[in-house]
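Throughout, protein chains are lettered first and strands after them, A, B, ... in sequence-line order, and every chain is numbered starting at 1. Because the structure is predicted, anything quoted here is derived from the model rather than measured.
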There are 2 protein chains.
Amino acid sequence: MAAADLTTHPGHLARRLQQAHYLLWNTMVSEETTSPQFAVLNALVAEPGLDQRTVGERVGLDRSTIAEVISRLSRRGLLDKVRDPEDGRRFLLRLTEEGARTHRRLTVRTARMNQVFLAPLTAEERTVFFDLIRRVADAAEGLRDPGDPLPAPR
Amino acid sequence: MAAADLTTHPGHLARRLQQAHYLLWNTMVSEETTSPQFAVLNALVAEPGLDQRTVGERVGLDRSTIAEVISRLSRRGLLDKVRDPEDGRRFLLRLTEEGARTHRRLTVRTARMNQVFLAPLTAEERTVFFDLIRRVADAAEGLRDPGDPLPAPR
DNA sequence: CGGAAATACTCAGTGCCCTGACTAAACGGG
DNA sequence: CCCGTTTAGTCAGGGCACTGAGTATTTCCG
C-alpha cells in the first residue's frame, strides 16, 4: 500500500518538463537539430576552437555523450574537427559557415519557442523559475567528486 | 556572433536538472531500478491490474517507451503481464511480491534522496518550485493534439 | 632521460525517449 | 454479418545519457 504522489517528486517533474520541452522543440524549432546539438553550436559560437572535453563541460555532457553529438554535427558538416598540433590528444572544434548559419537560424526560433513554453508564467515567476532550478541543479552537481559526501565510500 | 545565454533557456535547465537527479538517484536510491521504473511500480501499487497504455499515461511515457520499461521489469520478475480475457489486445499488469517489496524499499530511499536534492530550497520555495514546473509542463502537454494550435497543419 | 600518472578520446553495453509503420483484436454501422 | 475504423501492442530506427574499460599522448618526477 501507500503509493507515492509523484507530483511532489522533483525527479519526475524534471522528466516531464524535459519531455514537454522536447516536444515543443521538435514542432517549433527543428526536427533535424536537437536542443543539445544547438547547445554545442552555441558554445562554439561563444568560444571557437574549444576541444571536445571543454565543450562537454560548457553544455553539461559527459565525454561519451559529447563525442556522439559532435560526430553527428560533424557528419552533417556543421563543424570541423582537427587534431591540436600542440597536443595530439585533443581535437579542436570550429563551426563551418553552414554551422554558423544553422546557429543563427535556430537562435531566433528558440527564442520564439521559449516564449510559448514560458507563457504560463509571469515575468517575475520566470525569474524565480530559473533561479530555483539553477540552484537545485548546481547543488546536486557540486555533490559529485569532492571526497564522496555520501555514505558509500565507493 | 551573439551566442545565447543558456542559463535562461528552460529546456537546457530542464536537462541539467534531470541529469543531476539521475546522478543522485543512482548513488542514493538504486543502481538497478531507475526512476521511470519506480514510477511504473508506483502506478501499479496505486491501481493494480492496469493495462500497459494506461500505465504509460499515468507516468507520462509513450507506448514504445512504456513497453521497454515493462519488459525490463517483467524480465526481473517484478511484475506479471497477462492477456486480458475480456479484451485480447490488452495486457493486464500486476506487481509480484518481489515487485511490491522493491517498491516499499525504494519509497523510503526516494524520500531521503528528495530531501537531499531539495536541500538548497526552503519549504516555501519547494512549493513554488513544484507549482511552476507543473504549470509549464502541463501547459506544454496541453499544446499537443487539440486541432494543432501551431502553424503547421500537420 | 625514463617510467608512472594524468589526460583526451574511443568503444561496448544499458537504459530512456520519441516517431512512424505494422499486426492483431474489438467495435460499430449498414 | 461484414467491412471499415479505432485501439493495444510490437518493431525498426534515431538520438540522448551514463558507466567502465581500453588506447594514445602528454606531463611530471625521480
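- Each of Glu31(A) and Arg72(B) was matched to the nucleotide of DNA chain C holding its nearest heavy atom; the match closer to the 5' end belongs to Arg72(B).
- Remark: Asp87(A) engages Arg90(A) in a salt bridge, criterion side-chain N to carboxylate O under 4.0 Å.
- Counting any heavy atom pair closer than 4.0 Å across all strands shown, Asp62(A) reaches a base atom.
- In terms of phosphate contacts, Gln52(B) brings a side-chain nitrogen or oxygen within less than 4.0 Å of OP1 or OP2 of dT10(D).
- Position along DNA chain C of the nearest nucleotide to Glu68(A) versus Arg83(A) favours Arg83(A) as the more 5'-ward residue.
- The nearest whole Å value for the distance from the CZ atom in Arg63(A) to the C1' atom in dA24(D) is 15 Å.
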Going through the distances and angles, do Gln37(B) and Glu32(B) end up as a side-chain contact (heavy atoms from CB on, under 4.5 Å)? CA-CA 10 Å; Gln37(B) 286 172 14; Glu32(B) 299 83 42; over 6 Å; no

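- Listed pair Arg15(B) / dA17(D) meets the phosphate criterion, a side-chain N or O lying under 4.0 Å from OP1 or OP2.
- A sub-4.0 Å separation between OP1 or OP2 of dT10(D) and a side-chain N or O of Lys81(B) is present.
- Each of Arg63(B), Arg89(B), Lys81(B) was evaluated against Gln52(B); a single residue qualifies, Lys81(B), per the side-chain contact (heavy atoms from CB on, under 4.5 Å) test.
- Nucleic acid contact for Asp84(A): none, since no nucleic acid atom lies under 4.0 Å from a heavy atom of the residue.
- Arg90(B) has its CZ atom 15 Å from the P atom of dA25(C), to the nearest Å.
- Here the C1' atom of nucleotide dA17(D) and the CH2 atom of Trp25(B) are 17 Å apart, to the nearest Å.
- At the heavy-atom level, Asn26(A) lies nowhere under 4.0 Å from the strands shown.
- A donor-acceptor pair under 3.5 Å is formed between the side chain of Gln19(A) and the backbone N or O of Gly60(B).
- Summarising the geometry, the separation between CG on Leu73(A) and P on dG14(D) is reported as 17 Å, rounded to the nearest angstrom.
- Between Ile133(A) atom CD1 and Leu13(B) atom CG the span is 5.5 Å, to the nearest 0.5 Å.
- Per the geometry, NE2 belonging to His21(A) stands 14 Å off P belonging to dC18(C), to the nearest Å.
- The CG atom of Leu6(B) sits 9.5 Å away from atom CZ of Arg16(B), with the distance rounded to the nearest 0.5 Å.
- Between Arg101(B) and Thr96(B), the side chains place no donor N or O within less than 3.5 Å of an acceptor N or O (distance only, hydrogens not considered).
- Between Arg89(B) and dA24(C) there is no side-chain polar atom (N or O) within less than 4.0 angstrom of OP1 or OP2.
- The nearest whole Å value for the distance from the CG atom in Leu23(B) to the C1' atom in dA17(D) is 11 Å.
- Looking at which nucleotide of DNA chain D each of Thr65(A) and Arg53(B) is closest to, the 5′-most match is held by Arg53(B).
- Fit an axis to the five pairs at each end of the helix from dC1(C)-dG30(D) to dG30(C)-dC1(D) and the two axes sit 10° apart, to the nearest 10 degrees.
- Proximity of Gln19(B) to the phosphate of dC18(D): a side-chain N or O atom is located under 4.0 Å from OP1 or OP2.
- Nearer the 5' end of DNA chain D, as judged by each residue's closest nucleotide, is the contact made by Gln37(A), out of Gln37(A) and Gly88(A).
- The base of dT10(C) is not paired with the side chain of Ser64(A) by any donor and acceptor separated by under 3.5 Å.
- What separates CD of Glu86(B) from P of dA8(D) is a distance of 15 Å, to the nearest Å.
- Between Thr34(B) and dC16(C), a side-chain N or O to OP1/OP2 separation shorter than 4.0 Å is present.
- Linking ILVMFWY side-chain heavy atoms closer than 4.5 Å, directly or via other members, places Leu17(B) and Met28(B) in a single hydrophobic cluster.
- Between Ile70(A) atom CD1 and dG15(D) atom P there is a gap of 15 Å when expressed in whole angstrom units.
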